[in-house]
Amino acid sequence: MEGVFASEIIWTTIFFRPFLKEGKLMERYYDSSWQRTMFCGQARLEDSGREAVLNGWLRCRRDLGGIIFIELWDKTGVTQVVFNPELNAEAHKRASSLRSEYVLAVKGTIRKRPEGTENPELATGSVELLVDDFIVLSPSKLIPFEIDNADSVNEDLRLKYRYLDLRRETMQKNLMTRHRVTRYTRNYFGDNGFMEIETPMLTKSTPEGARDYLVPSRVNPGKFYALPQSPQLFKQLLMVSGCDRYMQIVKCFRDEDLRADRQPEFTQIDVEMSFITEEDIMGITEKYLAGLFYEILGHKVETPFVRLTWKEAMDLYGSDKPDLRIPMQMTDIAPVFAGGENPFAGLAVKGGTIKGLRLPGGASLSRKELSDLENRAKALGAKGMANFLVKEGELKGPLVKFLDEDRISMLRSLTGIEDGDALFVMADESWRKACEILGQIRLELGRERGMVEESFRFLWVTEFPLFEWDEETERYTAVHHPFTAPMNEDLEYLLTEPGRVRSRAYDVVLNGNEIGGGSIRIHDPEMQQKAFQALNFTPEAAKERFGFLLEGLSFGTPPHGGIALGLDRLVMLICGCKSIRDVMAFPKNQKAQCPMTDAPSFVEKKQLDELSIKTVEPLI
RNA sequence: GGAGCUGUAGCUCAAUUCGGUUAGAGCGCUGGCCUGUCACGCCAGAGGUCGCGGGUUCAAGUCCCGUCAGCUCCGCCA
């Protein structure tokens, strides 16, 4: 790839010809004399009269024929640069061939702009750089999209030319915010006695949980490392080591389908502490988040955060990560239907779930809007969704005819429906299903009808179930992870009724986003064995997969626990972005590909041979 | 694996219910004019496989079927 390209010759000709003297190329390369003496966003009125050198990108060109203005950009801002033919005919002549995104070094004098030509929109708008001389450090091809307002540009294109996308002001700001967040984070935890310790990226595959990214080992043919889904086991073992307080800003890898808030590699603020209870972790996390939001946004967060048990969150909001910015809550209205003659009577008696969601002002919904809503509920798995409308004080809806006065007034007092409201009714044998579907409707209604208030609403969700029955594998799986401690109150059910056991896990939720989660861990190897037993691991399987942890726990383990915060989601919310891709420098698209590098890609057979790997299809 | 939205010039988008002349605009680009602009202005110009394939029709950017790509969501994500 070395050699002189035609284009280089052309550029040399265009830009260096004026400096050919006696047939010899003058030395116009970038040396210290061309290094910037100030940034492009820096010049102020008090700098006028100063000699200055600016380095940056040509962002905007205004060629008035006689006089040429350009804006020179770097990450700090822009300065207007003036080429005046009366003062420097040679530079003015060369400047007419400058184009967008050329990289320039410009020498001249900072001067006050002539009266009446100041630009108050610009931080540097009271001054400009009058050019003495300049060199083109690098020309630019025609750019594939405009950098100034690329917000609406096709994201695929943005990702392909990510380095151009990142030249945009909003992306620069996002990267800077992310940097400020990580810096604040390191300082905060450092100041509170936490030590940042790196853990391996090449580690052992743990089939529990998400799919692993595997890395073949050349020197151990047929064997694979896995990239860590999180440093979970290492940080626990660091507690065994006596490190006491650990934190790490660390990449994690999960090979699952992507979403706006999920990337195959993402960053966690990973935290673990010894000799603590839930209260310590929650307290230190709240203090961290409140301090962070104040530091970055100047926003005061109220502490302590609201706390809901998982059951309460599901009952009231139909979600384990409720968005408290939407004021609507769900109500249990089964008693209204129990014991009467109505379509839900049987369900109510059997202990099924009947939930109501009051929509203030919802009585004005059209028949079509109501049926669209019901169809959306059906698409989510509901059998149907009934409604009541309160019009002119009177209750209307398909179920009204089944309810007598007493039951109607019970419905009113339970749900608080008033004139002009709608009440949506979700009934199902499964409590969880009824809650989740109506909770989803709550979210959609809240967003569509502008009921989401502008604020940051933090909360803790606690007392998650420890295990969850998995129909597919016909066994219990860990809701959080298999090292989470059960609540002491529920210990007796660990082996008899695993589904009933609550865990000492907690999630921190912000505006409907799970931004972190953690737990108190099991620090007793016997208890850990029991947990594996409940998960239907044979002792051999447990030893094979997690033997090193069990052994570690057996050498004197402090009670410990921790939390992992999703840095990408946190920064996304702080920046007001809709996707974590907008706060990552080089993210993947929904197919986990990078349009810029074209990863993942095929590799040469030689590479595979060295790794003792055969692909099923002849891929190359 | 499933559902939805989108795909027209380099970029962002139009193209009228229920198909009808040569597919338009703004920005960008090229050339010309222009000495105080800052979304500079004015004039001229280049630029299109309407994602791709098939079908219906006298006629398809528009209707139908299939397919590809991007995004959003469900499943999945200890």
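Labels below follow one simple rule: chain letters A, B, ... track the order of the sequence lines, proteins then strands, and each chain is numbered from 1.
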Side chains of [X] and [Y]: do they bring a donor and an acceptor to under 3.5 Å?
{"X": "A/Thr199", "Y": "A/Gln248", "result": "yes"}
{"X": "A/Gln529", "Y": "A/Gln533", "result": "no"}
{"X": "A/Thr477", "Y": "A/Arg475", "result": "no"}
{"X": "A/Gln80", "Y": "A/Arg62", "result": "yes"}

For [X] and [N], what is the distance between atoms [atom1] and [atom2] respectively, to the nearest whole Å?
{"X": "A/Lys160", "N": "B/G70", "atom1": "NZ", "atom2": "P", "answer": "13 Å"}
{"X": "A/Asp582", "N": "B/U72", "atom1": "CG", "atom2": "C1'", "answer": "14 Å"}
{"X": "A/Leu258", "N": "B/C73", "atom1": "CG", "atom2": "P", "answer": "11 Å"}
{"X": "A/Asp212", "N": "B/C76", "atom1": "CG", "atom2": "C1'", "answer": "15 Å"}
{"X": "A/Arg59", "N": "B/G28", "atom1": "CZ", "atom2": "C1'", "answer": "14 Å"}
{"X": "A/Glu436", "N": "B/C73", "atom1": "CD", "atom2": "P", "answer": "17 Å"}
{"X": "A/Gln590", "N": "B/C68", "atom1": "CD", "atom2": "P", "answer": "15 Å"}
{"X": "A/Glu256", "N": "B/C74", "atom1": "CD", "atom2": "C1'", "answer": "14 Å"}

Side-chain N,O ([X]) to OP1/OP2 ([N]) below 4.0 Å:
{"X": "A/Asn589", "N": "B/G70", "answer": "yes"}
{"X": "A/Arg376", "N": "B/C74", "answer": "no"}
{"X": "A/Gln593", "N": "B/A69", "answer": "no"}

For [N], which nucleotide in any strand shown is its Watson-Crick or wobble partner with both distances under 3.5 Å?
{"N": "B/C77", "answer": "none"}
{"N": "B/G10", "answer": "B/C27"}
{"N": "B/A3", "answer": "B/U72"}

Checklist entry - Does a distance-only test, which skips hydrogens and angles, find a donor-acceptor pair under 3.5 Å between the side chain of A/Asn154 and the base of B/G7? => result no

Checklist entry - With no angle test and no hydrogens, is the base of B/C76 tied to the side chain of A/Arg262 by a donor-acceptor pair under 3.5 Å? => result yes

Next on the checklist: Strictly under 4.0 angstrom, non-hydrogen atoms only: write out the protein contact profile of nucleotides 33-44 of chain B, one letter per nucleotide from the 5' end, B, S or -.
Outcome noted: -BBBBB-B----

